Amino acid sequence: MSDDAASLELLRAPVGTHDLLPGASDRWVALLGLFANHAHLYGYGLIQTPLFEDVRLFKRGVGTETEVVGKEMYEFEDRGGRAMALRPEGTASVVRAFLQARPTPPFRAWYAAPIFRYERPQAGRYRQHHQVGIEVLGISDPDVDVEVLGLGIDYLTGLGLQGFTLRLNTLGDSACRPQYLEELRAYFHDHAPELCDEHAAKIDRNPLRILDCKTESCRAVSVGAPSMLDALCVDCGTHFERVKEGLDARGIAYFLDQRLVRGLDYYTRTAFEVTLDLGDGELTLLGGGRYDGLVEVLGGPSTPGIGFGSGIERVLLACDRQGVFAVPPRSPLAYVIDTTDGRAARDLVAELRAGGIATERAYGNRSMKSQFKTADRSGARFALVVGERELESGTVTIRDLRGDGEQLVVLRAEVLSFLSNRTITTPEGSS
RNA sequence: GUGGGUAUAGCUCAGCUGGUUAGAGCGCCUGGUUGUGGUCCAGGAGGUCGCGGGUUCGAACCCCGUUACUCACCCCA
């Protein structure tokens, strides 16, 4: 394996990663803008945390037993010998930043960030994917659960998505969950022979997982398993009731799913997912929940928290399937064609851009015909022609590329004002 | 980590039971129109047939390996 030109091999983006190219990225910009608007409506400010963190943050916060941290984390040692990891989820970093800066709670933040998990890629699943999400720290009031859910639903609805399902569950807290887990273990031990091989081994370590298993055998056993709802302590019970009431009041439909178990250890009480049935499978668009113990686990004062993350790639995949959230390509208003020596184009383009007119041009003395071709392909509304005749008369020929080729000659000095007026009076869109 | 499918031009693909100069559509460039795009016509550029090895007189095609892409499982966004 040499690196010289003789054996020059094209390098590709790493497995499970993708480039986001100009054009396709317009949709991302629009999506981020939409999410930012919703976040602002609900009182959230943008937070950015490092792409990588001390690996202990995730091991401690998310849990070593979890698939995400135990098997899928990108870990590396930096040049100073420190154990680091690319973030495999968004919440731990936000909590760490909160503890480092110590703002007065409540603390509300939204983010848009790349997430890294070392797993086999497939449709809607990548080694680097991107999530938008929010976190609220310092409020235990169940009404905030409803607000968090509301923001998530508003966002998805705002994109134009329809027919998704909000799955809701409660996982109890430190007062009632341990006892429930014991009951569950006891129950599964009694039915161990009926479970699938994989889960028979998991009874002690993570009995909740079994509730989520899709195999026939586990499913059958799960039906008769004790329910978390029956085991909730009084506080968790009233909290959950108030959350449901709030959702009803907001007119947000939900589906109680007692088998809903989140993959990260820190969740307490409210847990939720928004899924979309694609016909040939189900796609999780958004997931999250309450994590009232996480701040303490990371060494901070007892502070409740709740949040969600939503995968951008998946959400856009869902939009594709539903033929929704199509973002028209952005094109310039003007395209300058110069068949003289290019100086006129150079100066005109600069003037128009300074005047706020999106403008492109051709380079390198190509024929007028070919410059018109590129002008057309750029999607520009107007072609501005500067040739010998225009130079001599101090004019610019303006051709409407979107109509039937209407053309007029304006004074060079009036081009900017002509186009400025058109920006206001002409309806947008060029597709 | 496990299993399936695929790999031929910039893109989407064809290429019969192995047969010699590897094709189409779209895109790109040039010309038809020495000042005009979006339509039409003509021409042109562009390919180590993923990579390595094997079988054969002969391999894009068959066999083995390998890499990548892709889909599914696990898990998740």
Side-chain angles (χ1 to χ4, degrees), chain A residues 1 6-18 62 65-73 87-91 112-133 152 156 196-199 202 206 209 212-215 260-264 272-276 280-288 307-318 335 337-340 362 366-391 397-407 409 430:
Chain A
M1 281 292 166
S7 61
L8 216 165
E9 177 195 3
L10 283 183
L11 267 22
R12 303 180 51 94
V15 174
T17 68
H18 293 277
V62 182
E65 290 298 307
T66 62
E67 195 95 357
V68 165
V69 166
K71 297 177 58 182
E72 300 179 346
M73 200 155 55
R87 74 168 151 244
E89 61 95 48
T91 303
I115 303 286
F116 303 86
R117 291 179 196 168
Y118 192 89
E119 42 188 354
R120 285 283 287 270
Q122 109 195 27
R125 202 188 62 185
Y126 312 102
R127 287 189 175 174
Q128 175 178 343
H129 76 277
H130 302 77
Q131 293 185 11
V132 290
L156 296 175
C196 70
D197 296 346
E198 196 182 328
H199 284 110
K202 272 191 188 169
N206 195 352
R209 262 279 71 89
D212 201 31
C213 184
K214 282 141 197 127
T215 61
L260 174 65
V261 175
R262 306 280 311 147
L264 315 177
F272 54 86
E273 272 180 15
V274 175
T275 59
L276 181 66
D280 55 343
E282 206 173 60
L283 197 64
T284 301
L285 300 179
L286 181 153
F308 70 72
S310 174
I312 295 177
E313 288 87 352
R314 281 193 183 175
V315 163
L316 288 177
L317 182 65
Y335 193 101
I337 290 170
D338 181 345
T339 53
T340 60
R366 298 197 292 135
S367 71
M368 179 164 291
K369 178 190 174 104
S370 99
Q371 291 194 51
F372 258 102
K373 225 171 223 175
T374 32
D376 183 52
R377 265 186 257 120
S378 77
R381 172 71 198 275
F382 298 106
L384 311 187
V385 184
V386 183
E388 298 296 341
R389 295 208 292 263
E390 287 81 0
L391 267 195
T397 298
I398 300 184
R399 184 179 174 89
D400 187 342
L401 293 173
R402 302 226 306 114
D404 38 10
E406 198 185 333
Q407 205 163 291
V409 178
S430 55

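On a predicted model such as this, the values are computed, not experimentally measured, just so you know. The sequence lines fix the lettering, A, B, ..., with proteins before strands; numbering per chain opens at 1.
- Listed pair A:Gln122 / B:A72 meets the phosphate criterion, a side-chain N or O lying under 4.0 Å from OP1 or OP2.
- Using a 4.0 Å cut-off, some side-chain N or O of A:Arg377 falls inside it from OP1 or OP2 of B:C29.
- For A:Arg314, the side-chain atoms get nearest to B:A77 when compared with the rest of B:U36, B:G35, B:A77.
- With hydrogens and angles ignored, a donor-acceptor pair under 3.5 angstrom links the side chain of A:Glu390 to the base of B:G35.
- With a cut-off of 3.5 Å on both pairing distances, the Watson-Crick or G-U wobble partner of B:C57 is B:G19.
- In terms of position along RNA chain B, the nucleotide closest to A:Arg366 lies nearer the 5' end than the nucleotide closest to the other residue of the pair A:His18 and A:Arg366.
- Nucleic acid contact for A:Gly124: base, since at least one base atom lies under 4.0 Å from a heavy atom of the residue.
- Across all strands shown, A:Ala123 has heavy atoms under 4.0 Å from sugar-phosphate atoms exclusively, and none from any base.
- Within the nucleic acid shown, A:Arg389 comes within 4.0 Å of at least one base atom, counting heavy atoms only.
- Base contact: A:Gly405 has a heavy atom under 4.0 Å from a base atom.
- Of the charged side-chain nitrogens involved, at least one lies within less than 4.0 Å of a carboxylate oxygen, so that A:Arg262 and A:Glu273 count as a salt-bridged pair.
- No side-chain N or O of A:Gln128 forms a donor-acceptor pair with one of A:Thr17 less than 3.5 Å apart.
- For A:Lys369, counting side-chain heavy atoms from C-beta on, the closest listed nucleotide (B:G35, B:G32, B:U30) is B:G32.
- Nucleotides B:G44 and B:C51, compared at atom P, are 28 Å apart to the nearest Å.
- Taking only side-chain atoms of A:Arg12, from C-beta outward, the nucleotide of B:G35, B:C71, B:C69 with the closest atom is B:C69.
- Counting non-hydrogen atoms under 4.0 angstrom, A:Leu285 reaches the backbone sugars and phosphates but no base.
- Counting heavy atoms from C-beta on, the side chains of A:His130 and A:Ile115 never come closer than 4.5 Å.
- Of all nucleotides listed (B:G31, B:G35, B:A68), B:A68 comes nearest to the side chain of A:Val15.
- Under the Watson-Crick or G-U wobble criterion, with both distances below 3.5 Å, B:U66 is paired with B:G50.
- Going from the C1' atom of B:A7 to that of B:G52 covers 15 Å, rounded to whole Å.
- Remark: the separation of the C1' atoms in B:G3 and B:G19 is 37 Å, to the nearest Å.
- Comparing the P positions of B:G50 and B:U8 gives an interatomic distance of 6 Å, to the nearest angstrom.
- Remark: B:U30 base-pairs with B:A42. Criterion, Watson-Crick or G-U wobble with two distances under 3.5 Å.
- As judged by a 4.0 angstrom heavy-atom cut-off over every strand, A:Ser370 is placed among residues touching the sugar-phosphate backbone only.
- Contact of the A:Arg117 side chain with the A:Glu89 side chain is registered, since non-hydrogen atoms from C-beta on lie closer than 4.5 Å.
- Nucleotide B:G3 forms a Watson-Crick or G-U wobble pair with B:C71, both donor-acceptor distances falling under 3.5 Å.
- Side-chain atoms of A:Arg399 lie closest to B:G38 of the nucleotides B:G38, B:C71, B:A77.
- Taking the side chain of A:His129 as heavy atoms from C-beta on, and the options B:G37, B:G35, B:A77, the nearest nucleotide is B:A77.
- Counted by atom type alone, A:Thr374 and A:Arg366 present one or more donor-acceptor pairs between their side chains at under 3.5 Å.
- Note on A:Tyr126: a base of the nucleic acid sits closer than 4.0 angstrom, heavy atoms only.
- Partner assigned to B:C11 is B:G25, using Watson-Crick or G-U wobble distances below 3.5 angstrom.
- Residues A:Leu286 and A:Phe272 have side chains in contact (heavy-atom distance under 4.5 Å, counting atoms from C-beta outward).
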